[in-house]
Structures are given as structure tokens and as C-alpha cells.
A.B. asks: 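First the structure, then my questions, so here it is.
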Amino acid sequence: MIPEHVAIIMDGNGRWAKMRGKERVFGHHEGTESVRACSEYAVEAGIKYLSFFAFSEENWNRPEAEVSELMRLMALSILNERPTFMKNNIRFRVVGNRSRLSDELNHDIDEAVRVTSVNTGLTLIVFLSYSGKWDIEQAAARFAAAGAPEGHFGEYLATAGIPDPDLLIRTSGEQRISNFMLWQCAYTEFYFTPVLWPDFRKSEFRQALEEFASRQRRFGKTGDQINVETKLSE
């Protein structure tokens, strides 16, 4: 069983760099290789949506030099990866509070989204300047203003049109979701690994998918109910 949507909290870049006597930004640079490796494997595995939590709203409180380097690295990665996106039929999206991003970075994002919009394979989503609480707050305001009927709240989230994650992976051994897609992860399966993000490559991704395949997702039902429904649909 392959999940339709996998979300990844990329954690441990700073620790990875510190263990090697390097500055934190060195870990961020190496982490981009893991993004590339996981994106390639997602295409191979037939995953339809792959999300990366790249930068939270809380991350704006980090040292200015680190934030500037992260934004520069993000812009560089978007430009450098566009040929790869086209080669692998990947559609690119960015979700988050983009009002805090520079005009230059927003332009690069818009261009990458436009150019890759013709692709029909994997949708790769970067969550940038994102907060689950912010997402719910802005959705609630829009929902109320529209007077929308009950049951349509999800249409006002920043992730509207994107299926909720089936599997959420967090690296580095931390076991929390850190304000990431709080509404959307109501029935998501969590997978926590001690592997630091720069060391998380195809083999580690494969292991997470194998663990997911061994689980039975209940969605509030009993195992017997799920088994009956599975037999009826066969």
C-alpha cells in the first residue's frame, strides 16, 4: 500500500552540521540533497503528493544570518531544480504566509509554479513561512466571511485541493508535529526516526513506506469493520 500523500518534517540539519564541526547552514545545504533523493524516490514509488516542511513562521525568530541563508538557499534550489521538475513530470507548489517573503523569492516561486503547472506526475509542495495555527485562523476568517455551510471548512485552508497526508515522517528523533498541518493530520499515520535529515535518503524513505504499509488505518472504526468493507470492495 503506497500512501497518496507523504509529508516530511525535515529536522536535524543543525545537529548534523554541529557533529561535524560545521556551521548550521552547512547542514541546510546538505539537506537539499535529501530533498532531491526523496523526491526522486517518491516519483519511483508512485506517490502523488510529497510535502516538505521547509520553514515555519516560528523560524523567523532564528538568527538573522541563518534566516537570510535559508531564504537564499530556497531561491537557489527553486531555480536549480526546475529542469529536474520538468524531467520528472513534477508539479511544484508553495504553501504558507508568503507576505513575509521577499519580492524576488515570490517571483521565483510564481515562475516555478507556472512552468511546472503543465506536469501531471508528483505534486511537490514546499511549506514555507507556514504555521498550522495561522492556517486555521486565516481559514476561519475566510469561512466566516463567506458564510460557508458546515462541512466545507477545508476548502478555506491553504492546502485546499490537496488531500490530507496519509503519512507524516519526522527525522532527528523528535516526536511532535511542531505546528504543521494541525487540521489536516487528524487521521495521519506518524513515523518518527532518529536519522538526521541530511542522512535521510532513499533507503530510509523506503523503510518508512514499508512501516506504513504494515499498519491498518481505522479512521475511528474497528478492525472488523475495515476488514468487512475491504472484502465488499474486492
Side-chain angles (χ1 to χ4, degrees), residues 1-63 66-67 69-70 73-74 77 81 95-96 122 124-133 159 164-218:
M1 178 176 58
I2 298 296
E4 180 181 26
H5 182 182
V6 177
I8 303 179
I9 298 177
M10 306 176 290
D11 196 16
N13 289 340
R15 276 169 281 173
W16 187 90
K18 186 176 180 180
M19 288 168 60
R20 289 158 177 78
K22 304 282 188 177
E23 296 292 330
R24 290 176 56 86
V25 294
F26 183 75
H28 297 313
H29 280 269
E30 188 64 24
T32 61
E33 295 300 320
S34 293
V35 171
R36 182 179 295 112
C38 288
S39 299
E40 290 175 352
Y41 186 66
V43 172
E44 295 172 14
I47 293 168
K48 294 182 179 179
Y49 296 85
L50 180 64
S51 295
F52 293 107
F53 196 14
F55 192 88
S56 71
E57 285 218 297
E58 291 80 10
N59 287 156
W60 288 107
N61 296 319
R62 290 187 175 186
E66 182 177 355
V67 170
E69 180 61 17
L70 282 167
L73 182 59
M74 180 60 62
S77 296
E81 293 303 319
V95 171
L122 171 73
L124 189 153
I125 308 151
V126 173
F127 283 74
L128 186 59
S129 188
Y130 177 84
S131 151
K133 291 182 178 180
T159 55
D164 293 342
D166 300 295
L167 172 65
L168 184 140
I169 300 169
R170 180 168 187 153
T171 59
S172 87
E174 303 293 343
Q175 298 188 18
R176 56 183 180 275
I177 62 173
S178 296
N179 204 7
F180 183 43
M181 285 200 279
L182 300 178
W183 179 278
Q184 299 87 335
C185 285
Y187 285 102
T188 299
E189 295 290 327
F190 295 164
Y191 177 85
F192 301 111
T193 173
V195 177
L196 301 178
W197 176 243
D199 291 327
F200 191 91
R201 302 295 169 93
K202 291 186 179 182
S203 60
E204 288 76 22
F205 198 177
R206 185 183 302 112
Q207 184 176 344
L209 295 184
E210 289 173 352
E211 167 65 22
F212 173 82
S214 71
R215 300 182 184 180
Q216 186 179 63
R217 304 184 73 194
R218 299 180 184 275

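Numbers here simply count residues along the sequence, with the first being 1.
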A.B. asks: Would you say Gln207 has more than 12 foreign heavy atoms packed within less than 6.0 Å of its CD?
C.D. replies: no
A.B. asks: For Phe53, which of Ile8, Asp11, Val126, Ile9 qualifies under side-chain contact (heavy atoms from CB on, under 4.5 Å)?
C.D. replies: Ile9
A.B. asks: Looking at Glu204 and Arg201, would you say the former's side chain and the latter's main chain have a donor-acceptor pair under 3.5 Å?
C.D. replies: yes
A.B. asks: Going from CZ on Arg217 to OG1 on Thr188, what distance comes out if it is rounded to the nearest 0.5 angstrom?
C.D. replies: 6.5 Å
A.B. asks: When rounded to the nearest 0.5 angstrom, what distance separates CG in Leu167 from CG in Leu209?
C.D. replies: 6.5 Å
A.B. asks: Can you name the closest pair of heavy atoms from Ser39 and Leu122 and give their distance?
C.D. replies: O-CD2, 3.9 Å
A.B. asks: Taking Asn179 for its side chain and Ser131 for its backbone only, find out whether a donor-acceptor pair lies under 3.5 Å.
C.D. replies: no
A.B. asks: Looking at Asp164 and Cys185, would you say the former's side chain and the latter's main chain have a donor-acceptor pair under 3.5 Å?
C.D. replies: no
A.B. asks: For Arg62, give me all partners under side-chain contact (heavy atoms from CB on, under 4.5 Å), at least two apart in sequence or on another chain.
C.D. replies: Arg24, His28, Asn59, Glu66, Val67, Leu70
A.B. asks: So, do Leu124 and Glu81 sit near enough that their side-chain heavy atoms are less than 4.5 Å apart?
C.D. replies: no
A.B. asks: In Å, rounded to the nearest 0.5 Å, how long is the span from CD of Glu211 to OG1 of Thr193?
C.D. replies: 11.0 Å
A.B. asks: Please tell me if the side chains of Lys133 and Leu182 come closer than 4.5 Å, counting only heavy atoms from C-beta onward.
C.D. replies: yes
A.B. asks: Can you find a pair of side-chain heavy atoms, one from Leu196 and one from Met19, that are under 4.5 Å apart?
C.D. replies: yes
A.B. asks: Restricting to pairs with a member in residues 41-60, which pass salt bridge (charged side-chain N to carboxylate O under 4.0 Å, His left out), not counting sequence neighbours?
C.D. replies: Glu44-Lys202
A.B. asks: Please indicate whether Glu23 has more than 12 foreign heavy atoms, meaning atoms of other residues, nucleotides or ligands, lying under 6.0 Å from its CD.
C.D. replies: no
A.B. asks: Does the plane of the ring in Tyr49 sit parallel, tilted or perpendicular to the ring in His5? Use 30° and 60° as the thresholds.
C.D. replies: tilted
A.B. asks: We want to know whether Trp197 and Ser172 form a side-chain donor-acceptor pair, criterion being a heavy-atom distance below 3.5 angstrom.
C.D. replies: no
A.B. asks: For the pair Phe205 and Phe200, name the ring-plane relationship: parallel under 30°, tilted 30 to 60°, perpendicular over 60°.
C.D. replies: tilted
A.B. asks: Tell me, do Trp60 and Ser129 make a side-chain contact under 4.5 Å, heavy atoms counted?
C.D. replies: yes
A.B. asks: Find the distance between CZ (Phe190) and CZ (Arg215) and round it off to the nearest 0.5 Å.
C.D. replies: 10.0 Å
A.B. asks: Report yes or no: does Arg170 contribute a side-chain atom to a donor-acceptor pair with the main-chain N or O of Arg176 at less than 3.5 Å?
C.D. replies: yes
A.B. asks: Can you tell whether the side chains of Glu30 and Lys22 come within less than 4.0 Å, N to carboxylate O?
C.D. replies: no
A.B. asks: Counting only N and O atoms by type, is there a donor-acceptor contact under 3.5 Å from the side chain of Arg206 to the main-chain atoms of Tyr41?
C.D. replies: no
A.B. asks: Considering non-hydrogen atoms only, spot the tightest contact between Ile47 and Glu4 and give its length.
C.D. replies: CG2-O, 3.7 Å
A.B. asks: Has the side chain of Ser34 got a donor or acceptor atom that lies under 3.5 Å from a matching backbone atom of Pro198?
C.D. replies: yes
A.B. asks: If we check ring-ring contact (aromatic ring centres under 6.0 Å, His included) with Phe180, which of these qualifies: Phe55, Phe127, Phe52?
C.D. replies: Phe127
A.B. asks: Below 4.0 angstrom, N of the basic side chain to O of the carboxylate: do Arg36 and Glu40 qualify?
C.D. replies: no
A.B. asks: Can you tell me how far the CZ atom of Phe192 sits from the OG1 atom of Thr171, to the nearest 0.5 Å?
C.D. replies: 11.0 Å
